[in-house]
Amino acid sequence: MTTSMDLPSDPPSLRTLLSVDLGDPFPVIALGALVVAVWYLASVARTRSEGRTWPWYRTASFLTGCAITAVVTGLQIDSYGYALFSVFVFQHLTLSMAVPPLLVLGSPGRLLLRATPHHGFGRYVLRAALIALRSPVGAALVHPVVTVPLFLFSYYGLYLTPLFDFFAVSRPGHVGMELFFLGSGILFILPILATGPVPGTHTNMGRFFELFVEMPLHVFFGLFLMMASTPLLTTFSSPPSSWNVNVMDDQQLAGGLAWSYGEPVAVFVIIVFAIRWRRDEAISNGVVDKRVDRVGDIDLEAYNAYLRELSQGSDRHR
C-alpha cells in the first residue's frame with residue numbers, strides 16, 4: 001500500500017479508532033458537518049424567533065447525522081481507513097446508508113425555505129433553491145435511472161476495478177470517495193423520505209421499487225468479499241506490521257459488515273416509508289370523501305351513466 005500520509009503507530013482498537021487527531025490528514029468533511037450543523041441551529045432559532053414552530057425530532061435527526069459524519073471522518077478512524085479494508089467499508093456504509101436518512105428526515109430544504117429572509121442576499125438564495133427544485137437536472141439526479149447505477153458503481157464499479165486503488169493512494173482521492181458515498185446516499189434516499197418538495201414526480205409505488213432494487217445490493221457485495229480467497233485491493237494488502245492485522249481476516253470482516261450493516265437501516269427506512277405511505281393514502285381518501293360529500297361521486301356517476309348507455313343500446317337492438 002502506498003499513501004502520502006503517516007499512519008497511526010498504535011494497533012487499531014476502540015480507543016485508538018475514536019481518539020482525536022487534528023493533524024494529518026485534516027478533517028475536511030468533519031469541519032463541513034460542523035458548519036452545516038451550526039447553520040441548521042441558526043435557521044431553527046430564526047424560525048422560532050418569528051413565532052413559527054419547528055419539530056424537535058427533525059433537529060435531533062439532522063444533528064445526529066452531522067455528528068456521525070464528523071465521527072467517521074474526523075476521528076482517528078479516518079486515518080485507519082487508509083490502510084484497513086474493514087474500517088473503510090464501515091465508513092462507506094455509514095456515510096452512504098446510515099447518515100443520509102438522518103439528514104433527509106431533518107428536512108434541511110424546508111428549513112432553508114422557511115428561515116431564509118425574502119430580502120437582500122436571501123432573495124438570491126431562495127431563487128437558486130427554487131430553480132434547483134424545478135430544474136430537469138435536479139429531477140434527473142434523483143431518478144432511479146441515475147440513483148441505481150450510482151449505487152451499483154459505489155460498490156461493484158469502484159471496488160472491483162482499478163479505480164479504487166487509483167483514488168485511494170492520495171488524500172484528495174480518499175476524501176473524494178467519502179463525499180461520493182455521502183452524496184449518492186442522499187440522492188437515493190431523498191425522494192423516498194423527504195417531507196418537503198423534491199425535484200421530479202415520485203409515486204409511492206416508484207419509491208417502493210427503488211427500495212426493493214437498491215437495498216439488497218450491498219448484501220451480495222458482502223458475500224463476494226467473504227468468499228474471496230485473495231486480497232481484493234492493493235491499497236489494503238500490506239497494513240503496518242506493528243498493527244498485527246491479518247489481511248484476509250480484515251477482508252472477511254469488511255464483507256461481514258457489508259452483508260449485515262445495512263439491514264437495521266433498511267428496516268428503519270422501510271418502517272418510516274410505510275408510515276408515510278399510509279399517511280398519504282389517508283390524506284388522499286380524506287380529500288376524495290370531502291369531494292363526494294360536496295359534489296357527489298363523479299367516477300361512480302360516470303360509470304352508472306356508461307352502464308345505462310349500454311342498457312339502452314341493448315334495448316334498441318331487440
Side-chain angles (χ1 to χ4, degrees), residues 1-3 7 11-14 16-17 68 72-73 77-101 144 146-169 173-174 176-185 187-189 209-270:
M1 184 210 51
T2 58
T3 181
L7 296 171
S13 65
L14 184 61
T16 57
L17 288 170
I68 294 175
V72 298
T73 62
I77 185 174
D78 192 52
S79 298
Y80 285 97
Y82 279 82
L84 291 180
F85 202 171
S86 59
V87 174
F88 188 83
V89 166
F90 175 78
Q91 290 180 284
H92 178 174
L93 294 168
T94 301
L95 292 172
S96 66
M97 299 191 70
V99 170
V146 174
T147 60
V148 172
L150 277 179
F151 194 89
L152 284 169
F153 176 79
S154 68
Y155 288 95
Y156 304 95
L158 192 61
Y159 290 98
L160 303 185
T161 68
L163 286 175
F164 187 92
D165 288 325
F166 174 78
F167 288 115
V169 296
H174 181 92
M177 286 192 291
E178 291 176 332
L179 288 173
F180 172 73
F181 299 147
L182 180 60
S184 60
L187 289 178
F188 162 59
I189 209 67
F209 170 77
E210 291 184 61
L211 282 173
F212 179 79
V213 170
E214 294 192 38
M215 280 298 184
L217 293 178
H218 64 90
V219 175
F220 300 110
F221 176 74
L223 290 174
F224 177 83
L225 291 182
M226 289 190 289
M227 294 174 62
S229 58
T230 57
L232 186 64
L233 298 166
T234 303
T235 300
F236 305 117
S237 62
S238 56
S241 57
S242 61
W243 291 3
N244 194 28
V245 172
N246 183 285
V247 174
M248 290 307 301
D249 288 345
D250 185 62
Q251 184 167 294
Q252 290 279 327
L253 178 57
L257 286 171
W259 177 72
S260 62
Y261 185 106
E263 300 312 305
V265 177
V267 171
F268 170 75
V269 171
I270 289 172

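- Listed here is the closest heavy atom pair of A83 and P240: CB-CD, 4.4 Å.
- With rounding to the nearest 0.5 Å, the separation of CH2 in W243 from CG in L84 is 5.0 Å.
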Just do the side chain to side chain contact (heavy atoms under 4.5 Å, CB included) check on T94 and Y261 with the steps written out, would you?
CA-CA 9 Å; T94 301; Y261 185 106; 2.7 Å; yes
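- A donor-acceptor pair under 3.5 Å is absent between the side-chain atoms of Y159 and the main chain of F164, judged by distance alone.
- The backbone N or O of P11 sits less than 3.5 Å from a side-chain atom of T16, completing a donor-acceptor pair.
- Residue-environment remark: CG (N244) stays at or below the threshold of 12 foreign heavy atoms within 6.0 Å.
- The CG atom of L233 lies 8.0 Å from the CG atom of L160; values are rounded to the nearest 0.5 Å.
- Proximity of L95 to T73: side-chain heavy atoms (C-beta onward) are separated by under 4.5 Å at one or more points.
- With rounding to the nearest 0.5 angstrom, the OG atom of S154 is 11.5 Å from the CE atom of M177.
- When side chains are defined from C-beta on, D250 does not count as touching V87, because their heavy atoms never get closer than 4.5 Å.
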Decide ring-ring contact (aromatic ring centres under 6.0 Å, His included) for F151 and Y155; before the verdict, give the C-alpha distance in whole Å, the side-chain angles of both, and the deciding distance to 0.1 Å.
CA-CA 7 Å; F151 194 89; Y155 288 95; 5.4 Å; yes
Ignoring hydrogens and angles, write down the donor-acceptor pairs under 3.5 Å from the side chains of residues 252-260, residues two or more places apart or on other chains.
{"from": "Q252", "atom 1": "NE2", "to": "M226", "atom 2": "O", "distance (Å)": "2.6"}
{"from": "S260", "atom 1": "OG", "to": "G256", "atom 2": "O", "distance (Å)": "2.7"}

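- Atom CG in L182 sits 13.5 Å away from atom CE in M97 (nearest 0.5 Å).
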Begin from the C-alpha positions of L150 and F188 and carry the test side chain to side chain contact (heavy atoms under 4.5 Å, CB included) through to its verdict.
CA-CA 9 Å; L150 277 179; F188 162 59; over 6 Å; no
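- With rounding to the nearest 0.5 angstrom, the CD1 atom of I77 is 5.5 Å from the CD atom of Q91.
- With contacts defined as side-chain heavy-atom distances shorter than 4.5 Å, the pair V247/Q251 does not qualify.
- You'll find the side chain of D249 stays beyond 4.5 Å of the side chain of V245, heavy atoms only.
- Side-chain contact annotation: T235 with D165, donor-acceptor N/O pair under 3.5 Å present.
- Summarising the local packing, OH of Y156 is surrounded by more than 12 heavy atoms from other residues, nucleotides or ligands at distances under 6.0 Å.
- Distance CZ/F221 to CG/L158: 8.5 Å, rounded to 0.5 Å.
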Working note: F153 + L163, criterion side chain to side chain contact (heavy atoms under 4.5 Å, CB included); need CA distance, chi angles, decisive distance, verdict.
CA-CA 11 Å; F153 176 79; L163 286 175; 3.7 Å; yes
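- Between S79 and L7, the shortest heavy-atom distance links the atoms O-CD2, 3.7 Å.
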